[in-house]
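Worksheet: one structure, shown below.
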Amino acid sequence: MEIIILPTAEKAARLASLLIADQIEAKPYSVLGLATGRTMERLYAQLARMHRDEGLDFSKCRTFNLDEYVGLEPEDPHSYRSYMNEHLFNNINIDLDSTHLPNGMAQDYKREAARYERMIAESGGIDLQLLGIGKSGHIGFNEPLSALLSRTREKGLTQTTIDQNSPLFDPPEKMPRRAFTMGIGTILDSRRIIMMVTGAEKADILAKAVEGPVTSMISATALQLHASVVVIADEDASAKLEGTEYYHWLYANEPEWRKYHQLL
Ligand code: GLP
């Protein structure tokens, strides 16, 4: 795992966008794993700008989102499909037929989960998976006690997650209590993972996720088992990390990161 700490959330989003652009340029037919949440909004705005101003070409990409609320129509303004269309897909040149989220309206949960897993496998697997982190330590909607090898399934949400996300619903009680989510095992199958973490309210959980012991109580700790993870944090989110000095040194000195220094 590499941890890169940048002064602002804007710079964190900028670095993530450059890594995604490099991925797409190296492999135009990339399969991207996408995430939702407030943290991603800056990143998607950057990608939209890079498409508009620099011709970043998404036309051959396919995407799979981590999760979707159970019981919301895709057209519902609170659905993750609506979020993705608004913040990214409508602003870039991707074919909407190549963008996938679980179907929140599926009645047979097991069947829908198996269908989603199959589609990911048939696409050749996810090249680059983007992640945020919930205050409960979840990635996707893998709430505490999710098996570290879990696959896509329907999951009940914790009160912490309901408290975190319900203010985005109008009224807040409209927030579903269940969601489909890729499993932790599904996420770990991705070839490369970028987790973006910004804001002081994530400082505690980020420290536990990357420096604490691996535990199914904090699903993000499973990322410690993956061979290619980059965590990009802003200064506020990194406040509780113990190894900051070392992480800064690595980012300043590893040849891999040199080209990004002047682009930020
Ligand atoms: C939701 C999503 C997660 C996301 C989390 C963080 O719960 N299921 O994938 O990481 O929100 O959201 P935010 O970026 O708004 O803090």
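- Of the charged side-chain nitrogens involved, none lies within less than 4.0 Å of a carboxylate oxygen, so that E75 and R81 do not count as a salt-bridged pair.
- Under the rule for a side-chain hydrogen bond (donor to acceptor under 3.5 Å, both in side chains), D95 has no partner lying at least two apart in sequence or in another chain.
- Here S190 pairs with nothing under the side-chain hydrogen bond (donor to acceptor under 3.5 Å, both in side chains) rule; sequence neighbours left out.
- Remark: aromatic rings of Y69 and Y83 are distant, center separation not under 6.0 Å.
- Pairing each heavy atom of M40 with each of G132, the nearest pair is CE-N, 3.6 Å.
- The CG atom of L264 lies 6.0 Å from the CG atom of L6; values are rounded to the nearest 0.5 Å.
- Among residues two or more places apart in sequence or in another chain, the ring-ring contact (aromatic ring centres under 6.0 Å, His included) test is passed with Y247 by none.
- In the hydrophobic clustering, where aliphatic and aromatic side chains (Ile, Leu, Val, Met, Phe, Trp, Tyr) are joined below 4.5 Å either directly or transitively, M105 stands alone.
- With sequence neighbours left out, Y246 forms a ring-ring contact (aromatic ring centres under 6.0 Å, His included) with no residue at all.
- With rounding to the nearest 0.5 Å, the separation of CD1 in I184 from CG in L223 is 8.5 Å.
- Closest heavy-atom contact between R258 and N253: NH2-O, 3.4 Å.
- Within the structure, ring-ring contact (aromatic ring centres under 6.0 Å, His included) contacts touching residues 29-55 (residues at least two apart or in different chains) do not occur.
- Sorted by first and then second residue, the side chain to side chain donor-acceptor pair (under 3.5 Å) pairs with a member in residues 221-238 form an empty list; sequence neighbours excluded.
- D22 and Y260 form a side-chain donor-acceptor contact under 3.5 Å, judged by distance and modelled atom types alone.
- Between L56 and F58 the shortest side-chain heavy-atom distance falls below 4.5 Å.
- In this structure, D97 does not pair ionically with R62, as no charged nitrogen and carboxylate oxygen lie closer than 4.0 Å.
- Screening residues 169-178 for side chain to side chain donor-acceptor pair (under 3.5 Å) gives E154-R178 as the qualifying pairs, with residues at least two apart or on separate chains.
- Neither L32 nor L188 shares a network with the other; the hydrophobic side chains, linked directly or stepwise wherever heavy atoms of I, L, V, M, F, W or Y lie under 4.5 Å apart, form separate groups for each.
- R191 meets the side-chain hydrogen bond (donor to acceptor under 3.5 Å, both in side chains) test with D127; sequence neighbours excluded.
- Side-chain contact between T181 and T152 is absent, with no heavy-atom pair separated by less than 4.5 Å.
- Here CD of Q46 is found 4.5 Å from OG of S17. Values are rounded to the nearest 0.5 Å.
- For residues 3-27, no pair satisfies ring-ring contact (aromatic ring centres under 6.0 Å, His included), with sequence neighbours left out.
- Looking at E86 and N90, their side chains never bring a donor and an acceptor atom within 3.5 Å of each other.
- In summary, the aromatic rings of F141 and H138 are positioned with their centroids under 6.0 Å apart.
- Minimum heavy-atom separation, I139 to L131: CG2-CD1, 3.9 Å.
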- Query: How far apart are the C-alpha atoms of Q129 and I194, what are their side-chain angles, what is the distance that settles it, and do they pass the side chain to side chain contact (heavy atoms under 4.5 Å, CB included) test?
  - Reply: CA-CA 6 Å; Q129 175 68 56; I194 298 175; over 6 Å; no
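- In this structure, the side chain of D189 does not engage the main chain of G125 through any donor-acceptor pair within 3.5 Å.
- Residue V210 is grouped with residue W249 when hydrophobic side chains (ILVMFWY) are merged at heavy-atom distances under 4.5 angstrom, including chains of intermediate members.
- Between S136 and T161, the shortest heavy-atom distance links the atoms OG-OG1, 3.7 Å.
- Atoms CD1 and CG, on I218 and L148 in that order, are 11.0 Å from each other to the nearest 0.5 Å.
- Residue pairs meeting the ring-ring contact (aromatic ring centres under 6.0 Å, His included) criterion with at least one member in residues 109-133, sequence neighbours excluded: F64-Y116, Y109-F180.
- Using a 4.0 Å cut-off between charged side-chain N and carboxylate O, R115 and E112 make a salt bridge.
- Distance check: E41 CD to L88 CG gives 11.5 Å after rounding to the nearest 0.5 Å.
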- Check the pair V231, L206 against side chain to side chain contact (heavy atoms under 4.5 Å, CB included), reporting the backbone distance first and the verdict last. CA-CA 10 Å; V231 176; L206 176 62; 4.0 Å; yes
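- Here E143 does not pair with K155 in a salt bridge; the nearest charged N to carboxylate O distance is not below 4.0 Å.
- Within a 6.0 Å sphere centred on CD of E54, heavy atoms belonging to other residues, nucleotides or ligands number more than 12.
- Between the CG atom in L15 and the CD1 atom in I232 there is a gap of 4.0 Å [rounded to 0.5 Å].
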- Message: The test is side chain to side chain contact (heavy atoms under 4.5 Å, CB included); show your working for W257 and V230 and say whether it passes.
- Response: CA-CA 11 Å; W257 298 114; V230 184; 4.0 Å; yes
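- Summarising the local packing, CG of L96 is surrounded by more than 12 heavy atoms from other residues, nucleotides or ligands at distances under 6.0 Å.
- Residues S146 and R153 bring a donor and an acceptor atom of their side chains to less than 3.5 Å of each other.
- Taking each heavy atom of K60 and P28 in turn, the nearest pair found is CB-O, 3.3 Å.
- Applying the side chain to side chain donor-acceptor pair (under 3.5 Å) test to residues at least two apart or on different chains, the pairs with a partner in residues 197-209 are D204-K240.
- Looking at V31 and T63, their side chains never come closer than 4.5 Å, going by heavy atoms from C-beta outward.
- Nearest heavy atoms, A35 versus L66: CB-CD1, 3.7 Å.
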- Take I94 and T99 through the side chain to side chain contact (heavy atoms under 4.5 Å, CB included) test and state the conclusion after the steps. CA-CA 8 Å; I94 197 160; T99 66; 3.9 Å; yes
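- For an aromatic pair to be called close, the ring centres must be under 6.0 Å apart, and Y251 with H261 satisfies this.
- Side-chain contact between L128 and I20: present, with at least one pair of heavy atoms (C-beta onward) separated by less than 4.5 Å.
- No side-chain heavy atom of I24 sits under 4.5 Å from any side-chain heavy atom of D57.
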